[in-house]
Amino acid sequence: MSASLAQTSRPAPSYRVLSPLKWFATSLVCLLLALPLHAALPQDPVQPAPPPVAPPDPAKLFNVDFPDSSGGLEKFAHDLLKSLQQDDTTRANALAQSVVLQDPLAWYTRVFGDYTADHEGADYLKGRKDLPDQILASFVRDIQDHYTEIVAVRFDKSNSCDDNAADTTFGLLQSRLEPIPLYELRAGNGSQFRRLFAFAYVDGAFRFVLMPKTPPLPQHSGPGSRVRQGGNVQAAKLRNKVQPEYPSKAREERLQGTVRLHAIIGKDGSITHLRVLTGKCSLAQSALNAVQHWRYSPTLLNGNPVEVDTTIDVIYSLNR
């Protein structure tokens with residue numbers, strides 16, 4: 001038996017050629033359909049984290065309200081002494097907590113600059129939780145030792161400090177970027193007294209502030225353009241010296257001593273920057289007034305004039 005296979009022919013497939021524009025539109029539709037559903041839906045905007053809530057200011061929380069004056073600070077001190085003597089711990093703690101700066105970095109930046117904010121400002125942040133206890137301990141010690149005669153002194157200008165202030169007070173006042181008043185609280189016992197320095201009036205209350213170490217003088221203009229020299233070495237190059245006047249107040253008080261200045265001497269030998277490091281207030285201003293006019297022979301390094309960073313001592317003696 002023979003068999004024959006029948007072959008069935010199929011029509012050739014036909015292809016539709018799309019134009020470039022229709023091909024692009026079709027591809028775009030397919031791509032959108034392939035996206036996950038959540039990617040095609042509008043997303044809720046990301047909400048920023050809420051700013052941290054600052055703790056309440058104890059001065060406002062406990063209604064600690066004294067005027068910005070020497071009398072106001074004296075009233076604060078008397079109130080704190082009275083609270084401790086009467087064992088009113090609630091009021092005493094409220095007063096002690098009220099002296100803490102709420103934003104120390106901002107205050108130090110404004111009053112003394114970035115350098116001090118990075119140092120004393122940062123130290124204040126680390127230690128401010130212990131500050132109320134330290135204030136209370138200081139007042140308790142004054143009560144125990146009978147140092148209860150309270151006097152507050154306000155310093156506005158750098159030369160407003162008196163000679164009962166510490167030897168560093170003039171220079172600290174001079175280094176302020178703004179003449180923010182600073183206060184010193186003195187607790188006395190007869191002819192002796194103790195200092196508590198410094199207070200500043202910030203955000204409606206007296207705050208205790210750490211006084212900074214002397215911030216650096218302006219930076220020099222480039223590498224190798226400033227050298228450090230001791231005061232004795234530089235003194236030998238002095239060619240024009242204006243003699244300081246002995247303040248009449250200091251003479252009346254029989255006050256003697258040394259005023260030490262930190263100076264930058266320019267390439268031409270003139271004084272370009274001058275700051276008091278230590279010295280009695282009545283003598284410090286006299287020293288500044290004279291030394292700013294001193295002139296030195298230029299200092300050379302490899303044949304080129306350079307600035308000099310040095311200290312200058314001005315000695316006041318009634319025997320001279």
Side-chain angles (χ1 to χ4, degrees), residues 108 110-117 119-120 155-163 165-182 197-198 211-222 224-250 255-301 305-317 320:
Y108 279 101
R110 175 189 173 195
V111 180
F112 291 104
D114 293 336
Y115 178 88
T116 300
H119 292 78
E120 278 73 22
F155 304 136
D156 293 290
K157 298 179 180 179
S158 57
N159 60 359
S160 66
C161 64
D162 61 8
D163 289 323
D167 284 356
T168 56
T169 300
F170 189 102
L172 290 169
L173 296 173
Q174 184 191 11
S175 64
R176 292 170 299 173
L177 302 180
E178 294 185 22
I180 302 297
L182 297 176
F197 183 69
M211 284 295 93
K213 302 177 183 66
T214 304
L217 288 173
Q219 294 296 311
H220 51 84
S221 55
S225 62
R226 181 182 297 176
V227 296
R228 180 81 177 94
Q229 285 192 345
N232 292 334
V233 174
Q234 194 61 31
K237 299 180 181 180
L238 182 61
R239 67 183 188 190
N240 181 32
K241 179 179 180 179
V242 175
Q243 192 65 30
E245 293 185 9
Y246 213 116
S248 58
K249 181 180 179 181
L255 189 65
Q256 305 179 89
T258 299
V259 177
R260 173 159 288 188
L261 306 169
H262 184 192
I264 300 298
I265 301 172
K267 295 179 180 180
D268 62 352
S270 64
I271 302 287
T272 59
H273 296 282
L274 196 61
R275 179 177 295 152
V276 174
L277 295 178
T278 59
K280 292 297 183 183
C281 289
S282 63
L283 301 177
Q285 187 63 55
S286 167
L288 276 177
N289 294 341
V291 174
Q292 65 183 346
H293 298 294
W294 289 9
R295 293 293 182 271
Y296 294 81
S297 298
T299 297
L300 302 180
L301 181 65
V306 292
E307 296 178 344
V308 176
D309 182 335
T310 190
T311 56
I312 299 172
D313 286 346
V314 181
I315 301 172
Y316 291 82
S317 174
R320 292 189 172 187

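Below, each value reflects all heavy atoms present in this structure, side chains not excepted, and no hydrogens, waters or symmetry copies.
- Here the side chains of M211 and T168 are not in contact, with every heavy-atom distance at 4.5 Å or above.
- Closest heavy-atom contact between P298 and R239: CD-NH1, 4.2 Å.
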T299 vs I265, side chain to side chain contact (heavy atoms under 4.5 Å, CB included): CA-CA, chis, key distance, verdict:
CA-CA 9 Å; T299 297; I265 301 172; over 6 Å; no

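- Closest approach of E307 to K267, counting heavy atoms only: N-CG, 3.9 Å.
- Atom-to-atom distance recorded for N240:CG and S297:OG is 10.5 Å, nearest 0.5 angstrom.
- Remark: the backbone N or O of E245 is paired with a side-chain donor or acceptor of S286 at under 3.5 angstrom.
- Nearest heavy atom pair, residue I312 against residue W294, reads CG2-CZ3, 3.6 Å.
- Side-chain atoms of S175 come within 3.5 Å of backbone atoms of L172 as a donor-acceptor pair (strictly under, hydrogens ignored).
- Between the Y108 side chain and the H119 main chain, no donor and acceptor come within less than 3.5 Å of each other.
- A heavy-atom distance below 4.5 Å is not found between the side chains of L283 and Q256.
- With T272 contributing its side chain and I264 its backbone, the two residues share a donor-acceptor pair below 3.5 Å.
- In terms of modelled atom types and a separation under 3.5 Å, the side chain of Q285 and the main chain of P247 share no donor-acceptor contact.
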Decide yes or no on side chain to side chain contact (heavy atoms under 4.5 Å, CB included) for R176 and F112, but give the supporting numbers first.
CA-CA 5 Å; R176 292 170 299 173; F112 291 104; 3.7 Å; yes

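- One distance of note links CG of L261 with CG of D313; it measures 8.0 Å at 0.5 Å rounding.
- The minimum heavy-atom distance linking I271 with L274 is given by the pair CG2-CB, 4.1 Å.
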List the steps, then state whether side chain to side chain contact (heavy atoms under 4.5 Å, CB included) holds for R228 with T310.
CA-CA 6 Å; R228 180 81 177 94; T310 190; 4.1 Å; yes

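- Going from atom NZ of K280 over to atom OG1 of T258 covers 12.0 Å, rounded to the nearest 0.5 Å.
- Between L288 and Q174, the closest side-chain pair of non-hydrogen atoms falls below 4.5 Å.
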Passes side chain to side chain contact (heavy atoms under 4.5 Å, CB included), D309 versus H262? Steps please.
CA-CA 8 Å; D309 182 335; H262 184 192; 2.8 Å; yes

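- Closest approach of A290 to Q243, counting heavy atoms only: CB-C, 4.2 Å.
- Side-chain atoms of D114 never come within 3.5 Å of backbone atoms of A117 as a donor-acceptor pair (strictly under, hydrogens ignored).
- Within the 3.5 Å criterion, the main-chain N or O of S282 finds a donor-acceptor partner in the side chain of D163.
- Here the closest heavy-atom approach between residue P212 and residue T116 is recorded as CB-CG2, 3.4 Å.
- One distance of note links CG of L173 with NZ of K157; it measures 12.5 Å at 0.5 Å rounding.
- No more than 12 heavy atoms of other residues, nucleotides or ligands shown are found within 6.0 angstrom of CZ on R260.
- Note that OH of Y115 and CD of E120 are 7.5 Å apart. Values are rounded to the nearest 0.5 Å.
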